[in-house]
Colleague: 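Supplied in C-alpha coordinates, the structure appears directly below.
Note on naming: letters A, B, ... go to the chains in the order of the sequence lines (proteins, then strands), and numbering restarts at 1 for each one.
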2 protein chains.
Amino acid sequence: MIEIPLIDLNKQELFKDYKNKFKALADEKRLEILHLLTTDGESCVCDLQPKIDMTQSKLSYHLKILLDADLITRTTKGTWSYYKIKEETINHILSEELCCIFRPSRKKDSDTCC
Amino acid sequence: MIEIPLIDLNKQELFKDYKNKFKALADEKRLEILHLLTTDGESCVCDLQPKIDMTQSKLSYHLKILLDADLITRTTKGTWSYYKIKEETINHILSEELCCIFRPSRKKDSDTCC
DNA sequence: CTCATACATCAACTTATTTTGATTTTATTA
DNA sequence: TAATAAAATCAAAATAAGTTGATGTATGAG
(Lines give C-alpha, C1' and ligand atoms only; values in the text may rest on other atoms or scores of the structure.)
Protein backbone atom coordinates (compact mmCIF):
# COMPACT_ATOMS: atom_id res chain seq x y z
CA MET A 1 0.00 0.00 0.00
CA ILE A 2 1.31 3.38 -1.01
CA GLU A 3 1.35 6.16 1.56
CA ILE A 4 0.34 9.53 0.27
CA PRO A 5 2.54 12.16 1.88
CA LEU A 6 0.70 15.07 3.43
CA ILE A 7 2.90 17.44 1.46
CA ASP A 8 4.77 16.69 -1.72
CA LEU A 9 8.36 15.55 -1.62
CA ASN A 10 9.85 18.35 -3.70
CA LYS A 11 8.61 20.86 -1.19
CA GLN A 12 9.99 18.78 1.66
CA GLU A 13 13.38 18.88 -0.06
CA LEU A 14 13.08 22.62 -0.58
CA PHE A 15 12.12 23.15 3.03
CA LYS A 16 15.07 21.10 4.19
CA ASP A 17 17.42 23.25 2.13
CA TYR A 18 15.88 26.51 3.36
CA LYS A 19 15.94 25.22 6.92
CA ASN A 20 19.70 24.68 6.63
CA LYS A 21 20.24 28.14 5.27
CA PHE A 22 18.06 29.81 7.91
CA LYS A 23 19.80 27.79 10.60
CA ALA A 24 23.13 29.10 9.39
CA LEU A 25 21.73 32.63 9.52
CA ALA A 26 20.26 32.08 12.98
CA ASP A 27 23.29 33.21 14.95
CA GLU A 28 24.47 36.69 15.81
CA LYS A 29 28.14 35.85 15.36
CA ARG A 30 27.52 34.45 11.92
CA LEU A 31 25.44 37.46 10.90
CA GLU A 32 28.37 39.60 12.04
CA ILE A 33 30.75 37.53 9.93
CA LEU A 34 28.48 37.86 6.90
CA HIS A 35 28.22 41.58 7.42
CA LEU A 36 31.99 41.91 7.66
CA LEU A 37 32.43 39.92 4.46
CA THR A 38 29.84 42.17 2.84
CA THR A 39 31.54 45.41 3.81
CA ASP A 40 35.18 44.29 3.59
CA GLY A 41 34.88 41.82 0.74
CA GLU A 42 36.92 38.63 0.51
CA SER A 43 38.84 38.04 3.75
CA CYS A 44 40.99 35.41 5.38
CA VAL A 45 40.43 34.07 8.87
CA CYS A 46 43.32 36.09 10.25
CA ASP A 47 41.72 39.29 8.89
CA LEU A 48 38.38 38.48 10.44
CA GLN A 49 39.65 37.34 13.81
CA PRO A 50 40.69 40.74 15.22
CA LYS A 51 37.60 42.43 13.78
CA ILE A 52 35.17 40.20 15.53
CA ASP A 53 36.17 39.08 18.97
CA MET A 54 36.51 35.34 18.52
CA THR A 55 39.04 32.58 18.91
CA GLN A 56 40.39 31.00 15.77
CA SER A 57 38.76 27.61 16.28
CA LYS A 58 35.39 29.17 16.97
CA LEU A 59 35.69 31.34 13.88
CA SER A 60 36.58 28.34 11.73
CA TYR A 61 33.61 26.47 13.17
CA HIS A 62 31.19 29.25 12.22
CA LEU A 63 32.74 29.77 8.81
CA LYS A 64 32.27 26.08 8.10
CA ILE A 65 28.58 26.34 8.92
CA LEU A 66 28.17 29.28 6.56
CA LEU A 67 30.17 27.41 3.93
CA ASP A 68 28.09 24.23 4.24
CA ALA A 69 24.95 26.30 3.90
CA ASP A 70 26.36 27.69 0.66
CA LEU A 71 26.16 31.27 1.95
CA ILE A 72 29.89 31.88 1.47
CA THR A 73 32.69 30.42 -0.65
CA ARG A 74 36.27 29.52 0.20
CA THR A 75 39.43 29.72 -1.86
CA THR A 76 42.74 28.56 -0.46
CA LYS A 77 45.97 30.28 -1.38
CA GLY A 78 48.97 28.68 0.30
CA THR A 79 48.27 28.60 3.98
CA TRP A 80 45.50 31.22 3.76
CA SER A 81 41.81 30.57 3.34
CA TYR A 82 39.86 33.38 1.76
CA TYR A 83 36.15 33.57 2.38
CA LYS A 84 33.67 35.54 0.32
CA ILE A 85 29.90 36.13 0.34
CA LYS A 86 28.07 33.97 -2.17
CA GLU A 87 25.79 36.67 -3.53
CA GLU A 88 23.82 34.26 -5.64
CA THR A 89 22.53 32.43 -2.57
CA ILE A 90 22.14 35.47 -0.33
CA ASN A 91 20.19 37.35 -2.96
CA HIS A 92 18.00 34.37 -3.65
CA ILE A 93 16.95 34.11 -0.04
CA LEU A 94 17.00 37.57 1.49
CA SER A 95 14.92 40.61 0.64
CA GLU A 96 16.34 43.75 -0.91
CA GLU A 97 15.66 45.55 2.36
CA LEU A 98 18.45 43.52 3.88
CA CYS A 99 20.69 44.47 0.99
CA CYS A 100 23.02 46.95 2.60
CA ILE A 101 23.63 44.57 5.42
CA PHE A 102 24.34 41.35 3.57
CA ARG A 103 24.27 42.11 -0.14
CA PRO A 104 27.55 43.64 -1.32
CA SER A 105 26.32 44.78 -4.73
CA ARG A 106 23.35 46.71 -3.35
CA LYS A 107 25.38 48.53 -0.76
CA LYS A 108 23.99 51.96 0.10
CA ASP A 109 23.65 53.35 -3.44
CA SER A 110 20.13 52.14 -4.14
CA ASP A 111 16.96 53.94 -3.09
CA THR A 112 15.36 50.70 -2.04
CA CYS A 113 18.06 50.26 0.56
CA CYS A 114 17.53 50.82 4.23
CA MET B 1 37.81 54.83 29.88
CA ILE B 2 35.28 54.31 27.16
CA GLU B 3 35.40 51.07 25.22
CA ILE B 4 34.82 51.43 21.52
CA PRO B 5 32.72 48.51 20.36
CA LEU B 6 34.05 46.64 17.35
CA ILE B 7 30.71 47.09 15.68
CA ASP B 8 28.11 49.72 16.43
CA LEU B 9 25.28 49.02 18.83
CA ASN B 10 22.41 49.65 16.44
CA LYS B 11 23.70 46.93 14.18
CA GLN B 12 24.07 44.59 17.12
CA GLU B 13 20.41 45.22 17.93
CA LEU B 14 19.44 44.64 14.31
CA PHE B 15 21.43 41.42 14.20
CA LYS B 16 19.76 40.19 17.37
CA ASP B 17 16.35 40.78 15.86
CA TYR B 18 17.26 39.09 12.58
CA LYS B 19 18.83 36.20 14.45
CA ASN B 20 15.53 35.62 16.26
CA LYS B 21 13.59 35.66 13.03
CA PHE B 22 16.01 33.35 11.23
CA LYS B 23 15.97 31.02 14.24
CA ALA B 24 12.21 30.81 13.97
CA LEU B 25 12.55 30.03 10.26
CA ALA B 26 15.26 27.44 10.91
CA ASP B 27 12.98 24.46 11.31
CA GLU B 28 11.29 22.29 8.71
CA LYS B 29 8.07 21.94 10.68
CA ARG B 30 7.77 25.68 11.11
CA LEU B 31 8.44 26.28 7.41
CA GLU B 32 5.68 23.78 6.70
CA ILE B 33 3.33 25.65 9.03
CA LEU B 34 4.16 28.96 7.36
CA HIS B 35 3.59 27.44 3.94
CA LEU B 36 0.23 26.06 5.03
CA LEU B 37 -0.80 29.45 6.39
CA THR B 38 0.34 30.97 3.10
CA THR B 39 -1.71 28.64 0.92
CA ASP B 40 -4.74 28.14 3.17
CA GLY B 41 -4.84 31.56 4.80
CA GLU B 42 -5.88 32.14 8.39
CA SER B 43 -6.27 28.84 10.24
CA CYS B 44 -6.87 27.53 13.72
CA VAL B 45 -4.73 24.91 15.43
CA CYS B 46 -7.35 22.23 14.85
CA ASP B 47 -7.29 22.95 11.12
CA LEU B 48 -3.52 22.74 10.95
CA GLN B 49 -3.13 19.64 13.08
CA PRO B 50 -4.47 17.05 10.60
CA LYS B 51 -2.69 18.72 7.68
CA ILE B 52 0.73 18.47 9.20
CA ASP B 53 1.40 15.39 11.24
CA MET B 54 1.93 16.85 14.70
CA THR B 55 0.56 16.61 18.20
CA GLN B 56 -1.38 19.57 19.51
CA SER B 57 1.15 20.61 22.13
CA LYS B 58 4.00 20.45 19.64
CA LEU B 59 2.03 22.52 17.16
CA SER B 60 1.25 25.12 19.83
CA TYR B 61 4.92 25.22 20.77
CA HIS B 62 6.01 25.92 17.20
CA LEU B 63 3.23 28.43 16.61
CA LYS B 64 4.36 30.30 19.69
CA ILE B 65 7.88 30.53 18.32
CA LEU B 66 6.61 31.92 15.02
CA LEU B 67 4.37 34.32 16.93
CA ASP B 68 7.18 35.54 19.17
CA ALA B 69 9.31 36.13 16.10
CA ASP B 70 6.50 38.28 14.70
CA LEU B 71 6.20 36.09 11.62
CA ILE B 72 2.53 35.31 12.27
CA THR B 73 -0.34 36.88 14.19
CA ARG B 74 -2.99 35.36 16.44
CA THR B 75 -6.60 36.27 16.98
CA THR B 76 -8.73 34.41 19.47
CA LYS B 77 -12.42 33.80 18.87
CA GLY B 78 -14.05 31.90 21.70
CA THR B 79 -12.03 28.78 22.25
CA TRP B 80 -10.34 28.97 18.85
CA SER B 81 -7.04 30.61 18.04
CA TYR B 82 -6.65 31.75 14.48
CA TYR B 83 -3.17 32.19 13.11
CA LYS B 84 -2.23 34.17 10.04
CA ILE B 85 0.97 35.04 8.17
CA LYS B 86 2.26 38.50 9.03
CA GLU B 87 3.12 39.56 5.50
CA GLU B 88 4.77 42.77 6.61
CA THR B 89 7.51 40.87 8.41
CA ILE B 90 7.85 38.02 5.92
CA ASN B 91 8.14 40.42 3.01
CA HIS B 92 10.65 42.53 4.84
CA ILE B 93 12.97 39.60 5.38
CA LEU B 94 12.52 37.17 2.53
CA SER B 95 13.23 37.60 -1.16
CA GLU B 96 10.55 37.69 -3.82
CA GLU B 97 11.83 34.37 -5.08
CA LEU B 98 10.46 32.81 -1.94
CA CYS B 99 7.15 34.55 -2.53
CA CYS B 100 4.98 31.70 -3.70
CA ILE B 101 6.15 29.64 -0.77
CA PHE B 102 5.70 32.09 2.06
CA ARG B 103 4.19 35.27 0.63
CA PRO B 104 0.43 34.97 0.18
CA SER B 105 -0.04 38.09 -1.93
CA ARG B 106 2.58 37.13 -4.49
CA LYS B 107 1.22 33.65 -4.94
CA LYS B 108 1.82 32.25 -8.43
CA ASP B 109 0.54 35.17 -10.48
CA SER B 110 3.78 37.12 -10.72
CA ASP B 111 6.50 36.48 -13.30
CA THR B 112 9.21 36.90 -10.71
CA CYS B 113 7.82 33.96 -8.83
CA CYS B 114 9.40 30.56 -8.78
C1' DC C 1 66.17 21.87 8.08
C1' DT C 2 63.83 24.38 11.72
C1' DC C 3 60.55 27.45 13.32
C1' DA C 4 56.48 30.21 13.13
C1' DT C 5 52.05 31.01 11.09
C1' DA C 6 47.30 29.95 9.22
C1' DC C 7 43.88 27.14 9.56
C1' DA C 8 41.15 22.84 10.30
C1' DT C 9 39.62 19.34 13.25
C1' DC C 10 38.82 16.74 17.43
C1' DA C 11 36.90 15.30 21.91
C1' DA C 12 35.01 16.77 26.18
C1' DC C 13 32.00 19.84 27.95
C1' DT C 14 28.29 23.34 28.41
C1' DT C 15 24.17 25.35 26.92
C1' DA C 16 19.97 25.63 24.17
C1' DT C 17 16.14 23.65 21.73
C1' DT C 18 12.69 20.03 20.87
C1' DT C 19 9.73 16.39 22.11
C1' DT C 20 6.55 14.06 25.06
C1' DG C 21 2.72 13.33 27.96
C1' DA C 22 0.11 15.32 31.51
C1' DT C 23 -2.34 19.17 33.34
C1' DT C 24 -4.86 23.57 33.19
C1' DT C 25 -7.90 27.02 31.44
C1' DT C 26 -11.58 28.71 29.08
C1' DA C 27 -15.53 28.07 26.12
C1' DT C 28 -19.11 25.46 24.13
C1' DT C 29 -22.65 21.98 24.05
C1' DA C 30 -25.89 18.44 25.73
C1' DT D 1 -24.50 21.53 35.69
C1' DA D 2 -21.70 18.01 33.65
C1' DA D 3 -19.24 16.69 29.71
C1' DT D 4 -16.57 17.81 25.82
C1' DA D 5 -13.40 20.40 22.90
C1' DA D 6 -9.67 23.85 21.73
C1' DA D 7 -5.59 25.35 22.88
C1' DA D 8 -1.88 26.87 26.13
C1' DT D 9 1.47 25.59 29.44
C1' DC D 10 4.52 22.78 32.24
C1' DA D 11 8.20 19.63 33.75
C1' DA D 12 11.07 15.89 32.41
C1' DA D 13 13.63 13.60 28.97
C1' DA D 14 15.89 13.51 24.60
C1' DT D 15 18.57 15.91 20.94
C1' DA D 16 21.16 19.29 18.99
C1' DA D 17 24.27 23.12 18.80
C1' DG D 18 28.03 25.92 20.55
C1' DT D 19 32.36 26.46 23.20
C1' DT D 20 36.94 25.33 24.70
C1' DG D 21 41.59 24.00 24.54
C1' DA D 22 44.60 20.83 22.43
C1' DT D 23 46.44 18.67 18.42
C1' DG D 24 47.46 18.05 13.48
C1' DT D 25 48.85 19.58 8.91
C1' DA D 26 50.33 22.31 5.55
C1' DT D 27 52.90 26.27 3.97
C1' DG D 28 56.24 29.77 3.86
C1' DA D 29 60.24 32.34 5.96
C1' DG D 30 64.84 32.37 7.65
Colleague: Rounded to the nearest angstrom, tell me the gap between atom CZ in B:Arg74 and atom P in C:dT26.
Modeller: 14 Å
Colleague: Under 4.0 Å between a side-chain N or O of B:Lys23 and OP1 or OP2 of C:dT17?
Modeller: yes
Colleague: Out of B:Lys64, B:His62, B:Gln56, B:Lys58, which residue meets the side chain to side chain donor-acceptor pair (under 3.5 Å) rule with B:Ser60?
Modeller: B:Gln56
Colleague: Quick check: any donor-acceptor pair below 3.5 Å linking the side-chain of B:Gln56 to the base of D:dA8?
Modeller: yes
Colleague: Where the side chain of A:Ile65 is defined as all heavy atoms beyond and including C-beta, which of D:dG18, C:dT18, D:dA7 is the nearest nucleotide?
Modeller: D:dG18
Colleague: With a 4.0 Å limit, can you tell me whether B:His62 has a side-chain N or O closer than that to the phosphate oxygens OP1/OP2 of C:dT19?
Modeller: yes
Colleague: For A:Ser81, report the nucleic acid contact type (base, sugar-phosphate, nothing); a contact means any heavy atom under 4.0 Å.
Modeller: sugar-phosphate
Colleague: Atom CG of A:Leu31 and atom NZ of B:Lys19: how far apart are they, to the nearest 0.5 Å?
Modeller: 9.0 Å
Colleague: Show your working on salt bridge (Lys or Arg N to Asp or Glu O under 4.0 Å) between B:Asp70 and B:Lys86 and close with a plain yes or no.
Modeller: CA-CA 7 Å; B:Asp70 206 35; B:Lys86 185 158 179 183; 3.1 Å; yes
Colleague: Let me know the distance between CG of B:Asp53 and P of C:dT20, rounded to the nearest Å.
Modeller: 10 Å
Colleague: Looking for any heavy atom pair under 4.0 Å, which part of the strands does A:Tyr83 touch: base, sugar-phosphate only, or nothing?
Modeller: sugar-phosphate
Colleague: Quick one: is A:Thr79 getting a side-chain N or O under 4.0 Å of the D:dT27 phosphate, OP1 or OP2?
Modeller: no
Colleague: Report yes if at least one side-chain N or O of A:Ser57 is closer than 4.0 Å to OP1 or OP2 of C:dC7; otherwise report no.
Modeller: no
Colleague: In whole Å, what is the span from the CE atom of A:Met54 to the P atom of D:dT20?
Modeller: 10 Å
Colleague: Any side-chain N or O of A:Lys58 under 4.0 Å from OP1/OP2 of D:dT20?
Modeller: yes
Colleague: Write down the atom of A:Asp53, the atom of A:Lys29, and the distance for their closest heavy-atom approach.
Modeller: O-NZ, 4.1 Å
Colleague: For A:Leu59 and D:dT20, what is the distance between atoms CG and C1' respectively, to the nearest whole Å?
Modeller: 15 Å
Colleague: How many Å lie between CG on B:Asp68 and C1' on C:dA16, as a whole number?
Modeller: 16 Å
Colleague: Counting side-chain heavy atoms from CB outward, which of D:dA8, C:dT9, D:dG18 is closest to A:Ser60?
Modeller: C:dT9
Colleague: Using heavy-atom distances to pick each residue's nearest nucleotide on DNA chain D, tell me which of A:Tyr61 and B:Asp47 is more 5'.
Modeller: B:Asp47
Colleague: Separation of B:Trp80 atom CH2 from C:dT28 atom P, in whole Å?
Modeller: 7 Å
Colleague: Roughly, in whole Å, what's the span from OH in A:Tyr82 to P in C:dA8?
Modeller: 13 Å
Colleague: For A:Asp47, is there an ion pair with A:Lys51 - N to carboxylate O distance below 4.0 angstrom?
Modeller: no
Colleague: Within this structure, what is the NZ-to-P distance between B:Lys29 and C:dT19, rounded to whole angstrom?
Modeller: 8 Å
